[in-house]
Amino acid sequence: MPEGHTIHRLARRVRDSFRGEHLDVTSPQGRFASGAALVDGRVLRRVDAHGKHLFLGFDELWVHVHLGLFGTVTLAAAPAPDPRPTVRMRMVGGSRYLDLRGPTICEVVTAAHKATIHARLGSDPLRADARPDDAYGRIRRRGAPIGAVLLDQSVVAGVGNVYRSEVLHRAGVSPFLPGRLLAEPVWAGIWEDLTALLRAGVRSGRIVTTAPEHRSRRSGRVRRDDALYVYGRTGEACRRCGARVRADDLAARRVYWCPTCQPE
DNA sequence: GCAAAATGTCAAG
DNA sequence: TTGACCTTTTGCA
């Protein structure tokens, strides 16, 4: 279940598994049959990720994937088992296979089309070309609350519903603070924190935002119910101050926050 | 057996 | 702001 860290981690795994190989590409489900035929048998040359978008480069053609809310990828050792009927795309290389199920987007695009996708995406903290000052400009010009702007992929690419609540809690900033009132040094801190959290997510494959002193057990593998400060914890005690965690709708999603640590 | 929810996004009204 | 779409898992009859 994907925010930006999932996609960048996936990009790395796909690169390690398949780059330079001829791939057999099919669509057991059928909905990607014509796209699969365009790249079937070609060599995977490059893999690119921007926010929650993944691009697999076969010379001049790219397979563009967006997992949406439900998409999943299985990437494992060959031989591949009989595919489930919902497998939109299967790629098989020399030693590994990949199954993609439930994506919002799976399509073949040209390099020019790929460029237009990048153009409408904002700065991705996991990319070398990230521009935190550009993101800040957009935040300041926007009347919307910071908790809504953080989910806008044309401002910051890769942040999803978990990271938005968690990073704002860590910064002590209310999700309802209007973007134009967010001070520059505060934004700089949020950006830096977001970058570190996303990188940790790429490394571990999960979202962990709590400091050791805010967990029930301070060493060993972080337990699932210890990993987050506020996300999904409505009515439970804030890990930092003990106040009850609140949930509200913001930008059509639930946002979780602590009224004491993040005063309005 | 079915409804609801889940780390997402877009288009219609 | 709402509904539609993609799929799996969980919880309740």
Side-chain angles (χ1 to χ4, degrees), chain A residues 1-11 27-33 35 49-55 63-75 81 83-90 98-107 109 113 116-122 124-126 143-145 147-170 175-176 193-194 197-210 222 224-235 245 247-257:
Chain A
M1 274 139 267
E3 297 194 21
H5 70 298
T6 307
I7 307 309
H8 283 263
R9 179 181 174 86
L10 183 55
S27 180
Q29 179 199 47
R31 291 183 52 178
F32 182 59
H50 189 163
K52 301 166 190 169
H53 297 254
L54 176 69
F55 301 92
V63 174
H64 170 217
V65 172
H66 192 297
L67 295 181
L69 194 50
F70 315 122
T72 58
V73 164
T74 301
L75 181 46
R84 294 207 211 185
T86 55
V87 172
R88 182 80 56 89
M89 175 180 72
R90 167 169 280 189
L98 177 155
D99 277 354
L100 170 68
R101 302 197 308 267
T104 290
I105 296 171
C106 177
E107 61 179 1
V109 298
H113 185 168
T116 68
I117 297 168
H118 288 295
R120 49 165 231 265
L121 288 172
D124 178 345
L126 292 172
V149 183
L150 276 182
L151 280 189
D152 184 336
Q153 301 298 301
S154 68
V155 178
V156 182
V159 175
N161 210 25
V162 176
Y163 280 119
R164 88 155 157 177
S165 287
E166 293 295 311
V167 80
L168 289 173
H169 180 271
R170 286 170 57 99
F176 303 100
D193 197 36
L194 199 47
L197 290 173
L198 282 162
R199 284 185 183 152
V202 173
R203 258 180 270 121
S204 69
R206 57 193 293 228
I207 303 177
V208 175
T209 60
T210 49
V222 180
R224 185 200 306 251
D225 60 356
D226 263 349
L228 304 174
Y229 280 107
V230 288
Y231 179 82
R233 302 189 62 243
T234 314
V245 172
D248 290 279
D249 287 334
L250 184 57
R253 315 291 301 280
R254 295 300 269 178
V255 67
Y256 303 87
W257 57 291

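What separates CZ of R206(A) from P of dA6(B) is a distance of 19 Å, to the nearest Å. Rounded to an integer number of Å, the gap from CZ of R224(A) to C1' of dT10(C) is 12 Å. For D249(A) and dG3(C), the CG to C1' distance is 15 Å, given to the nearest whole Å. Summarising the geometry, the separation between CZ on R101(A) and C1' on dT9(C) is reported as 12 Å, rounded to the nearest angstrom. Rounded to whole Å, the distance from CZ on R254(A) to P on dA5(B) is 10 Å.
Separation of the P atoms belonging to dC10(B) and dT8(C) is 23 Å when rounded to the nearest angstrom. Separation of the P atoms belonging to dC6(C) and dG1(B) is 22 Å when rounded to the nearest angstrom.
Distances shown here put a side-chain N or O of R84(A) below 4.0 Å from the OP1 or OP2 atom of dT8(C). The shortest distance between the side-chain N/O atoms of Q29(A) and the OP1/OP2 oxygens of dT7(C) is below 4.0 Å. Put simply, T86(A) has a side-chain N or O that comes within less than 4.0 Å of OP1 or OP2 on dT8(C).
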Show every donor-acceptor pair shorter than 3.5 Å between a side-chain atom in residues 99-106 of chain A and any protein atom, with sequence neighbours excluded, or say none if there are none.
from: D99(A); atom 1: OD1; to: R90(A); atom 2: NE; distance (Å): 2.7
from: D99(A); atom 1: OD2; to: R90(A); atom 2: NH2; distance (Å): 2.9

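By the side chain to side chain contact (heavy atoms under 4.5 Å, CB included) test, R254(A) is found to be paired with A247(A), D249(A), Y256(A), residues two or more places apart in sequence or in another chain being considered.
With hydrogens and angles ignored, the 3.5 Å screen pairs a side-chain donor or acceptor of K52(A) with a backbone N or O of V159(A).
Using bins of under 30°, 30° to 60° and over 60° for the plane-to-plane angle, the ring pair H53(A)/H66(A) lands in the perpendicular bin. Ring-plane geometry between H50(A) and H118(A) is classed as parallel, the angle between the planes falling under 30 degrees on a 0 to 90 degree scale with a further cut at 60.
The nearest pair of heavy atoms linking V230(A) to S165(A) is CG2-O, 3.8 Å.
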Worksheet item: Just by protein heavy atoms under 4.0 Å, how would nucleotides 8-13 of chain B read 5' to 3' in B, S and -?
Response: BSS---
